[in-house]
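Being a predicted model, the structure only gives us computed values, none of them experimental. Lettering of chains follows the sequences in order, A, B, ..., and the numbering in each one begins at 1.
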Number of protein chains: 2
Amino acid sequence: MSGIEDVANLAGVSKATVSRALSGRGYVSADTRMRVSQAAASLGYVVSSSASSLVTGRTNNVGVIIPVINQWFFGSILEGVERALVDRGYDMMLYNLTKSHEERARVFEYFLVRKRVDAVIAVTLEITPDETQRLLALGKPIAGIGGALEGVPTLSIDDVAAARLATEHLLLLGHRDIMHVGGDIDEQMDFHVHSKRLKGFMEALTAAGVAYDQDSYVATRFDIPSAYRVGKQILGDPRRRPTAIFAAADEVAIGVILAARELGISVPDDLSVIGIDNHPLAEMFGLTSIEQRPDLQGEQVVAWVIRQLEEPGWSPPASHTVLPATLIMRSSTARPRPRSG
Amino acid sequence: MSGIEDVANLAGVSKATVSRALSGRGYVSADTRMRVSQAAASLGYVVSSSASSLVTGRTNNVGVIIPVINQWFFGSILEGVERALVDRGYDMMLYNLTKSHEERARVFEYFLVRKRVDAVIAVTLEITPDETQRLLALGKPIAGIGGALEGVPTLSIDDVAAARLATEHLLLLGHRDIMHVGGDIDEQMDFHVHSKRLKGFMEALTAAGVAYDQDSYVATRFDIPSAYRVGKQILGDPRRRPTAIFAAADEVAIGVILAARELGISVPDDLSVIGIDNHPLAEMFGLTSIEQRPDLQGEQVVAWVIRQLEEPGWSPPASHTVLPATLIMRSSTARPRPRSG
DNA sequence: TCCTCGTCTGCAAACGCTTCCAGAATCATA
DNA sequence: TATGATTCTGGAAGCGTTTGCAGACGAGGA
């Protein structure tokens, strides 16, 4: 475990010169630099990041807080964030904060704020104003993916608008009997994505003068098996069956499609289905969807925080940035079959 | 940004006492401890982990290298690893090393070895003996999920045995015309999982005296859409269609099942399908599978490295640990339909 | 009363770097 | 040749902790 001093001795220079040679900061002659590099290599020397951080005050480390890992949306964000960070020479510290506020506080105190990270990226996590303040007071940039956050640059699609767009697509095709299979309003994660998508759904119906009642909305978890079960229930009852379903996520839409197939209900002839995400499985199911790109969202927030770190004075958008969400038409939506009765 | 000295002044004690009071090491009177805690809290003081690491030599940080994030198997490992680490008070540094050896070396040099982590967990990554040596020389425990690795405790199911088990299940049901849809031998990741599963398949057939040829094996990527396309090809040609398919992973099996459904081929009446993993989607597809629990695998390797760090002298299993993989029977496999001609 | 032992606290020396400062060497220019 | 600018190098201070050591104190045993 050799230190900088060993390298200095071997190369016949001072510690200061070794530091400069290896870090590339300040003047060092080409010859010296070469000797130092060789000495370092032959000793297997690697700089101690703790020591270096201690004096520079920078860790080259970014903390990422995410509520779920094993789901396409979140996994994609993670991939985008990781790629962008490593490309810029930063390490990523990952915290999977699921629910409990207790756990949350613990991570915040013991890990994030411990001067272990230079910046924080919060994915779908409503940081409290207090937490925000503490981070900013420590000079640590923050950015978030998800809804607007006081004093934090954030980024997401407009969930209300996306839901409206999806619903409008169904309306435009001529559907009037539309149901929304979405997330449980009571169990939602931060930023109220579930109620926003429900809201967009209702707005679109209202604007089109189409009535809806509480039966127009059914809750499910955002995974294929749960949505499949819900779909079986809805579609299994002919009196309840709508001509179109707006699913709050593609996993939900796919579950519904599988349920329909099992019940011999043809999509899109008997039932149109639209989702949100443009999940990798959407294409093979011919699923019409609203596209968003979580990987690019991840890259974007990384760009924000890193630029803030490296370019003093630069500031990211002061508030929430809305990303475009575009309709991708496939074969799961069509005009409703003319009513036979 | 207050330091330990400010806390010391405010509490009217020395820096040493503050350190002891806050870390819980050494003697501190209850009264003093209280005063120090309050002083620290009122100043919003948090210990600098760089400074602390510098003197203790420990970072409380574990590096995790993983080739893929957004896939069930890997995502589950990640969840298990993260949970286990945070529970023990460690942070997780995530590196998503996809393929290039160049990138690999870079991460190894610039990040992992930089004294930034106390230990390394390699998921499905063949660390070279040289890399292993360097880490061990630095006193950093390593553990891996995946095949055996010289000098590294590793953990995985026995891929050959699991494939044999799956194939034997089909044979036992009476199938003789069995096909293997597996990973591409030429494009496989580390540890040759693809060829191992193919090997187990062939071993089982040979042991049962069932002949196979090169048409008995078809390659696909391990995702549902790719397997679906391959399934359509295989099953679309009646002359090629086997009575049973052993899929190297549940995603593949599901793709095949979806292809069969689309072609009007009944599972299991016309075609039995078995996979490996017991993926969350397996149940709703009635998929017979071989279960493995990547989350628990993640927890296990964490237990190994952390125990090594905290209990000097303790050593994990010196070599590769084989995990049980059990058959879970569902409705996708059955006796072959009696031959009609 | 004296000694020992356990508890509590402070001093000061690390830990391994980076960087400010000053001085030496080199080079171009006047 | 003198002058200044530029390039190169070393000494030393300091980053914010932890911890070994030693001293102080009170309690309990001989």
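Rounded to a whole Å, the CD atom of E5(A) is 10 Å from the P atom of dC15(C). Spacing between atom CG of L43(A) and atom P of dC17(C) amounts to 12 Å, rounded to whole angstrom units. Atom CZ in R35(A) sits about 14 Å away from atom C1' in dG10(D), given to the nearest Å. In this structure, CG of N60(B) is placed 12 Å from P of dT18(D), rounded to the nearest angstrom. The separation between L138(A) atom CG and dG16(D) atom P is 13 Å, rounded to whole Å. Rounded to a whole Å, the CG atom of D31(A) is 11 Å from the P atom of dC8(D). Per the geometry, CG belonging to N9(A) stands 13 Å off P belonging to dC17(C), to the nearest Å.
For S52(B), no side-chain nitrogen or oxygen approaches OP1 or OP2 of dT17(D) to under 4.0 Å. Between S19(A) and dT18(C) there is a side-chain N or O to OP1 or OP2 distance below 4.0 Å.
Contact of the E79(A) side chain with the N96(B) side chain is registered, since non-hydrogen atoms from C-beta on lie closer than 4.5 Å.
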Under 3.5 Å, N/O pairs linking protein and nucleotides 10-12 of chain C:
unit_1: dG10(C); atom_1: OP2; unit_2: S14(B); atom_2: N; d: 2.8
unit_1: dG10(C); atom_1: OP2; unit_2: S14(B); atom_2: OG; d: 3.0
unit_1: dG10(C); atom_1: OP2; unit_2: T17(B); atom_2: OG1; d: 2.6
unit_1: dG10(C); atom_1: N7; unit_2: R20(B); atom_2: NH2; d: 2.8
unit_1: dG10(C); atom_1: O6; unit_2: R20(B); atom_2: NH1; d: 3.2

Query raised in the report: Which is it for V62(A) and M92(A) under the side-chain contact (heavy atoms from CB on, under 4.5 Å) test, yes or no, and what are the steps along the way?
Result: CA-CA 5 Å; V62(A) 173; M92(A) 160 165 143; 5.9 Å; no

Report task. Decide side-chain contact (heavy atoms from CB on, under 4.5 Å) for D91(B) and R116(A); before the verdict, give the C-alpha distance in whole Å, the side-chain angles of both, and the deciding distance to 0.1 Å. Result -> CA-CA 10 Å; D91(B) 291 353; R116(A) 303 187 130 264; 3.1 Å; yes

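No hydrogens or angles considered: a donor-acceptor pair under 3.5 Å links the side chains of T59(A) and D118(A). There is a side-chain donor-acceptor pair under 3.5 Å between W304(A) and Q300(A).
Nearest heavy atom pair, residue T154(B) against residue A148(B), reads OG1-CA, 3.5 Å.
In the region residues 22-30 of chain A, proximity to DNA chain D at under 4.0 angstrom, judged on heavy atoms, holds for Y27(A), V28(A), S29(A).
Position along DNA chain C of the nearest nucleotide to L54(B) versus R33(B) favours R33(B) as the more 5'-ward residue.
Pairs passing the side-chain hydrogen bond (donor to acceptor under 3.5 Å, both in side chains) check and including a residue from residues 7-22 of chain A, sequence neighbours excluded, read S14(A)-T17(A).
In this structure, CG on L125(A) lies 5.5 Å from CD1 on I65(A), to the nearest 0.5 angstrom.
Residue-level contact check: T56(A) touches the backbone only, with heavy atoms under 4.0 Å from sugar-phosphate atoms and none from bases. Counting non-hydrogen atoms under 4.0 angstrom, T32(B) reaches the backbone sugars and phosphates but no base.
Between D130(B) and R134(B) no salt bridge is recorded (no basic side-chain N to carboxylate O distance below 4.0 Å).
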